[in-house]
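Nothing fancy with the numbering, it's 1 onward along the sequence. Because only heavy atoms are used, hydrogens play no part in the values below, and waters and symmetry mates are left out as well, while side chains stay in.
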Amino acid sequence: MAIVFPDRREAGRHLAGQLLHHAGRDDVVVLALPRGGVPVAYEVARALKAPLDVFVVRKLGVPGYEELAMGAIASGGMRVLNQDILDELALPAHVVDAVAAREAQELARREQLYRDGRPALPVGGRIAILIDDGLATGATMRAAIRAIRAIRALRPARILAAVPVGSPDTCEAMRAEADEVVCATTPQPFLAVGRWYRDFSQTEDDEVRDLLARAREAADGPPRRRITPLSGGAQDYDGLLEAIGEARFVLLGEASHGTHEFYEERARITRRLIEEKGFAAVAVEADWPDAYRVNRYVQGAGEDLDAGAALMDFRRYPTWMWRNQVVVDFVEWLRRHNAARGEGRPRAGFYGLDLYSLHGAMKAVLQYLEGVDPAAAEAARRRYACFDHFGPDPQSYGFIAGAEVEQSCRDAVVAQLVEMLKRRPAAGQERDSGLAQDELFAAQQNARLVKSAEAYYRAMFLAPESTWNLRDRHMAESFEALLAHLGHRADPAKLVVWAHNSHLGDARATDRAQRGEINLGQLIREKHRREAFLIGFTTHHGTVTAASHWGGRAERKTVRPALAQSYEALLHAAGPDRFHLDLRGDGEALPQRLLERAIGVIYRPETERLSHYFHADLAGQFDAVLHFDETRAVEPLERTSEWDSGELAETYPFGL
């Protein structure tokens, strides 16, 4: 069954899917036949990442039956006549000449209006893709093709005629004119172009000019009026904080787990959000029990003498992710900030959202209960004893329990979580300046982590839902629980989140959505909408702290220059070495589908395209992006000889 398109823009997106073999080439130019062909061609040019221009052609309509084309004229004085129509209607030459003269005036007006004084895009030696909204008689397209071939200054290498819908006979006949013809759909009977659009209203001149302007801006790179260079000064993020406005949730990403600038600039922004906008906490991509020890330190509780000691529970691989100098400095600042606020005033916290620490969370639950309710601690110990049969490695539990569901500890951990959520602070502690509430909440979060971790490890081998989705849903649940807990103290709480771009950039704007994957940024944006502000980080080249395989030692590895046709390459070409790019409200000024790089714990430059790139719509993922053209590896607290020496000299492209 033939497709009926909602409108020309949607038809263009459909047509683009059949032209992707021309995507990313620097010898392609898209030429729209105004006016109806422009919205179609705009979407094709965006998808192919090709420049867009117009090639003005005017149909010569039969007087009184203007939809019936007796021919067409095009730039350069080219005239193409449909002799069959002329003979059948016995139209005299002077009628044709009168119509052609009138249309020539309109053609000249449109060329001047649409180009606004700018020269036409060069076509010589390139692949020219001519696009209209449909082919009926083909007179307009035929005139355009012949005009381009006749004008010596143009002379493209190839001419491709493309339309979303066309008459089968006309599409076949057009192959004698163009080097390649693409008719996305060829319904029979054809009847008319407008029959295959729900909205076939006339395209106005203003829309044509607007779409051409957007296409030119996209071809030039990010809209420069939205770029703010970063100098390292105190005023760097004034514009960003203004853009954040009254948003309650600021999600700060990173394009790797081992880049100094990502950690450093997240900390700078977070300090300002806490000091100037009253943000109450930082929630990070880390396990709850490990981060809660840091939280006790920044709150002035616990027994740790400094930030380095407070971070000692981060023993799970990769240790450099949180045990690095930038995090130490931020934790010390947070403790000083809280101490300066004095007694009785809310203090900013540091919390974890992740779920890997199965055994650490169980231990924390038991420690809490032993202090407040020994009988409840014994009941919890019996429930958690289920895991004793599987050894200390949670993946071993997942393998066995995944194969034998009846042997799983699922029911035990759910029962313990339910019991923990029913608990209230111990008698006599209700008025204890919120400390008892905090400790109970921490224990409840640990019980929630145990429940989620059990499901996660079991799903590694028996996966009704992807482990990725389980993990990000747990982080979203932890975020909402933390928000509710902090909201009991005073006004609605404001939270900063630190995690990888892949967790915080809205997954709906990436190709991962096609696999059914969701992420934390998407879940927060769906629930809280404009109260959430998502910020991504990118780099073009430099060094990074990463391993060559899971569990491997930290290495200082060279990050290759970003691949062509990636957002990182586009931002590299934008000019400043470091800048803030506001993406709100102007996303169409950026190409919608480019590659984006993601480096996690592991970096494998020898398989970089496959291992570290995915397709995304940057403006759909984030509200703003911070780009640092050259970055350096974050410094682990425990440096090794591998990290100090760095990797061998770059041998690309011969070292593939």
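The shortest side-chain heavy-atom distance between Leu252 and Val250 falls under the 4.5 Å cut-off. In this structure the side chain of Tyr368 reaches within 4.5 angstrom of the side chain of Leu440, judged on heavy atoms. Under the 4.5 Å side-chain criterion, counting only non-hydrogen atoms from C-beta, Asp354 is not in contact with Asp290. The shortest distance between side-chain heavy atoms of Val327 and Phe314 does not fall below 4.5 Å. The side-chain heavy atoms of Trp468 and Ile518, taken from C-beta on, include no pair separated by under 4.5 Å. Between Phe579 and Leu626 the shortest side-chain heavy-atom distance does not fall below 4.5 Å. At a threshold of 4.5 Å between non-hydrogen side-chain atoms, the residues Glu630 and Glu261 do not count as touching. Side-chain contact between Arg347 and His337: absent, with no pair of heavy atoms (C-beta onward) separated by less than 4.5 Å.
If you check the side chains of Tyr263 and Gln325, you find no donor sitting under 3.5 Å from an acceptor. For the 3.5 Å distance criterion, the side chains of Asp438 and His485 qualify, holding a donor opposite an acceptor. There is no side-chain donor-acceptor pair under 3.5 Å between Lys557 and Thr545. A donor-acceptor pair shorter than 3.5 Å can be found between the side chains of Asp629 and His627. Donor-acceptor pairing under 3.5 Å is recorded for the side chains of His260 and Arg632. Residues Glu254 and Thr259 bring no donor and acceptor atom of their side chains to less than 3.5 Å of each other.
Counted within 6.0 Å of CZ on Arg508, heavy atoms from surrounding residues, nucleotides or ligands total more than 12; the atom is thus considered enclosed. With a 6.0 Å radius and a threshold of 12 heavy atoms from other residues, nucleotides or ligands, Glu276 has its CD atom above the threshold.
Judged as a ring pair (Phe, Tyr, Trp, His ring centres under 6.0 Å), the pairs with a partner in residues 507-548 (not counting sequence neighbours) are, in order, Phe249-His528, Phe262-Phe537, His540-His572.
Asn295 places a side-chain N or O within donor-acceptor distance of the main-chain N or O of Phe350, the cut-off being under 3.5 Å.
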Margin query: Let's go through Arg597 and Glu608 carefully: what are the C-alpha distance in whole Å and the side-chain angles of both, what is the deciding distance for salt bridge (Lys or Arg N to Asp or Glu O under 4.0 Å) to 0.1 Å, and is it a yes or a no?
Written below: CA-CA 9 Å; Arg597 179 157 57 189; Glu608 182 153 30; 2.7 Å; yes
Next item on the list: List the steps and the verdict of side-chain contact (heavy atoms from CB on, under 4.5 Å) for Thr319 and Asn324.
Entry: CA-CA 8 Å; Thr319 57; Asn324 63 66; over 6 Å; no
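Atom-to-atom distance recorded for Ile244:CD1 and Glu242:CD is 11.0 Å, nearest 0.5 angstrom. The OG1 atom of Thr270 sits 13.5 Å away from the NZ atom of Lys277 when rounded to the nearest 0.5 Å. Here CG of Asp511 is found 14.0 Å from OH of Tyr613. Values are rounded to the nearest 0.5 Å. Rounded to the nearest 0.5 angstrom, Leu470 CG and Leu355 CG are separated by 8.0 Å.
Checked for salt-bridge contact, Glu439 and Arg296 meet the test: a charged N lies under 4.0 Å from a carboxylate O. Between Arg272 and Glu275 there is no salt bridge, since none of the side-chain N atoms of the basic residue sits less than 4.0 Å from a carboxylate O of the acidic one. Salt bridge present: Arg471 and Glu285 bring a charged side-chain N and a carboxylate O closer than 4.0 Å. Between Arg530 and Asp623 there is no salt bridge, since none of the side-chain N atoms of the basic residue sits less than 4.0 Å from a carboxylate O of the acidic one. Residues Arg639 and Glu635 are paired through a salt bridge, judged by an N-O separation under 4.0 Å between the basic side chain and the carboxylate.
A cation-pi arrangement, defined by a distance under 6.0 Å to the six-membered ring centre and an angle within 45 degrees of its axis, is absent between Arg316 and Trp322. Geometrically, Arg335 engages Tyr297 in a cation-pi contact, judged by NZ or CZ lying under 6.0 Å from the ring centre and within 45° of the ring axis.
Scored by the ring pair (Phe, Tyr, Trp, His ring centres under 6.0 Å) test, Trp288 finds Tyr292, Tyr351, Phe441 as partners (sequence neighbours excluded).
Separation of the Tyr603 and His612 ring centroids falls under the 6.0 Å cut-off.
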